[in-house]
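A short worksheet on the structure shown next.
So that the names make sense, note that chain A is the first sequence line, chain B the second, and so on, each numbered from 1.
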Amino acid sequence: MSEPIMRLEGIYRSFRSGRTVIPVLQDINLDINKLEFLCLVGESGCGKTTTGKILAGLLPPSDGKIYFEGRDVNDLRGNDRRRYRRSVQLIHQDPYASLNPTQTIFDMLSFPLLHHKLVKGQKAARKRAAELLELVDLTPVEDILDKYPHELSGGQRQRVSIARALTTDPSVIVADESVSMVDVSIRIGLLQMMMNLRDELGVTIVFITHDLALAKYFSWEGRIGVMYLGRMVEVGKTQQLIANPQHPYTRVLLSAIPEPDPEKTRTKRHIQLRSEDIPRLTELPPGCSFHPRCPWYIEGVCDHTVPQLAVPATSNSQVEVACFPVQEGQALELYES
Amino acid sequence: MSQPMNDDVVLRVDDLSIVYQTKRGNVQATTNISFDLKRGQAMALIGESGSGKTTVSLSLIRKLPKNALITQGQVLYQRDGNVRDVLKLSKRELREFRWKDCAMVFQGSQNAFNPVLKIRTQFEDTARAHGWTDKNAVRERALELLRLVRLDPERVYEAYPHELSGGMKQRTLLALGVLLNPQVVILDEPTTALDILTQRAIIDVLNEMQQRLNFSIIFISHDLSLAAEMADVVATVYAGEIVEIGPVNDMFYDPQHPYTHGLLTSVPKLDHEQDFVSSIAGAPPNLISPPSGCKFHPRCPYATDKCSEDDPTLTGEKPDHLAACWNKDALLEAREEIARKELAQ
């Protein structure tokens, strides 16, 4: 396999609130391969958004290294650094909050174009902005360019957001919950448009979501990383991970999701957790942070050492799991029984 | 709907139309909405934002904004053989009706509690406002309900809202909602903004509560999975009208309206290898000047000339599964085509 376009190595990030230190990310290692569809999934507070911000260079990690095209971004200076910042773009979650209400769509799109000297003059900027809007299927382009955000619907705004991310000709786009604020009926249209961007422009898209069904759809040919309380607990090929989830947390999640099929969803077996309360990030349990809730927890092991991501010896897939019972081949038997 | 109300019908909405008066003109928020809610039944109203689902539910407890005008229709409520029109209740009767007969849990209910009062005080205040002053009896009932929603009752009852997590607050709110034993509970997006596992807990708790206390539920959601899991009856709302209504299985396995079908095909499923999913093209119409004929026709892939001229009414082969569409056959053909493709895969 060729070199990954981005790599996170041992990333830690904590925030400070008064005297308490909140560890939001712990030891994240992740390769992002060129042109792959990668999804990060997890519940709120799992660190998926922070990971996205760190990838985009909007937030420095407390510890660890970020590589872009094989080079440590900390060593990048001058033009190289600017190129990295241009090449990785973030699309925010809420299209109602992320667009400046006092600017027209043209203002928003032309600013980065002119600032980075990607085009010369207003006329060229307008032409380029129109092309970008066409890429995100926002037509009629000439009408949209002079509109303000309040004149657009949620779905249209999100398309503007995506067009704005494309202005700097990025090679990686981090889309943070980019469709969760728009209506169900148009989500898929947005996703499909984003998937097409990969083929048309050659961008790698990292999609962050809490919706496993959407993640499955988006990254069917790619990978999913499942996060829990600041750690990656399972990562691997989507088709293998969804068909055969291994980490207890992933299994619990998949078993808990209601499905849009009355008979199936009502007969679905739900795995019972030992506790429904999510531990606070400031009072993380020792060892595996899922152990107080895990139905397969082994006393003296799980509450003692933090498990590392690895392909279980008994597994016939390449999905990596951070779980002692799974790695030792115990959880599966318990699960079957 | 002029049939007499059977004993098992708790709530009947009959030909209800509501208009919002705005500077830009009158917004036809709901048009000729009719349905029956039976005792112990759970009904889901599904549709996009702006479709009028919330307007319908607000009208049931007369909590519409000031610029709303009910132009026609009635909301009949039956308890112990007495039938009353909610829209004609006096102020005093309305105070009685709310919470004791019909309770509503709003969207984003995590913010519904007063942050400076203990949960206990908020339960007691609610009870007192409805003439229930025996604090010990209130406490007993409250603890029982909190246990029912799987919380540690003693701890939660004496806690302040900030000491509870989002999911716990939502469950506490459900307990508070049924404190006065209402017959109808309205839930506006009950699981939106909650995490998957919290959502699962809420669904389980709601199912259990409903079985134990036997109230009826109307819930508003854009989440089809939730409707599939919880509802007995599903109504699809589009541009202020019910375009299809029927038992949950009929609605999911045999949708008769292109809009319902469109919603169903716009959500990817976890257990399918690859999905034939697609969005519904276009956007919901402007309700100040809605399209002529069937309001869905500008977005409908099966629309014919007739659709832009005549507004279809709810009809169906089964008496309880109705849809308002002129071209049900075209939809049926399209569905068969999709089924063939899925089979071939």
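Enclosure of atom CZ in Arg212(B) is not indicated, since only 12 or fewer non-hydrogen atoms of other residues, nucleotides or ligands lie within 6.0 angstrom. The neighbour count for Lys38(B) NZ, taken as heavy atoms of other residues, nucleotides or ligands under 6.0 Å away, does not exceed 12. The 12-atom threshold is not exceeded at CZ of Arg280(A), counting heavy atoms of other residues, nucleotides or ligands nearer than 6.0 Å.
Both the backbone and the side chain of Leu253(A) come within contact range of chain B, judged by heavy atoms closer than 4.5 Å. Looking at Tyr253(B), only its side chain comes within 4.5 Å of chain A, counting heavy atoms on both sides. For a residue to count as touching a neighbouring chain, one of its non-hydrogen atoms must lie under 4.5 Å from one of that chain's; by this rule Phe218(A) does not touch chain B. Neither the backbone nor the side chain of Leu191(A) comes within less than 4.5 Å of any heavy atom in chain B. The contact between Ser49(B) and chain A is made by backbone and side chain atoms together, counting heavy-atom distances below 4.5 Å. Within the 4.5 angstrom heavy-atom criterion, atoms from both the backbone and the side chain of Ser185(A) approach chain B.
For the side chain to side chain contact (heavy atoms under 4.5 Å, CB included) criterion with Val184(A), the lone passing option out of Asp223(B), Ile46(B), Val267(B) is Val267(B).
Ranking Ile280(B), Leu224(B), Leu263(B), Leu197(B) against chain A, the residue ahead of the rest is Leu197(B), based on heavy-atom pairs under 4.5 Å. By number of non-hydrogen pairs under 4.5 angstrom with chain A, the leading residue of Ala231(B), Ser266(B), Gly166(B), Ala227(B) is Ser266(B). The most heavy-atom pairs under 4.5 Å with chain B, out of Glu263(A), Lys268(A), Arg266(A), Arg187(A), come from Arg266(A). Taking chain A as the reference chain and counting heavy-atom pairs below 4.5 Å, the highest number among Ile203(B), Val248(B), Asn207(B) is found for Val248(B).
Distance check, rounded to the nearest 0.5 Å: CD1 of Ile188(A) to OG1 of Thr265(B) gives 9.5 Å. One finds the CD1 atom of Ile257(A) at 9.5 Å from the CZ atom of Arg200(B) (value rounded to the nearest 0.5 Å). Within the model, atoms CD1 of Ile278(A) and OG of Ser165(B) stand 7.0 Å from one another, a figure rounded to the nearest 0.5 Å.
Gln192(A) places none of its side-chain heavy atoms less than 4.5 Å from the side chain of Ser279(B). Within the 4.5 Å cutoff, side-chain heavy atoms of Val277(B) are placed close to those of Tyr217(A). Residues Met251(B) and Pro262(A) form no side-chain contact, since every pair of their non-hydrogen atoms from C-beta on lies 4.5 Å or further apart.
Considering every non-hydrogen atom in both Glu43(A) and Ile196(B), the closest pair reads OE2-N, 3.5 Å.
Counting only N and O atoms by type, the side chains of Ser225(B) and Glu259(A) include no donor and acceptor under 3.5 Å apart.
Formation of a donor-acceptor pair under 3.5 Å by the Lys269(B) side chain with backbone atoms of Pro260(A) is not found in this model. The main-chain N or O of Ser44(A) is found under 3.5 Å from a side-chain atom of Asp195(B) such that the two form a donor-acceptor pair.
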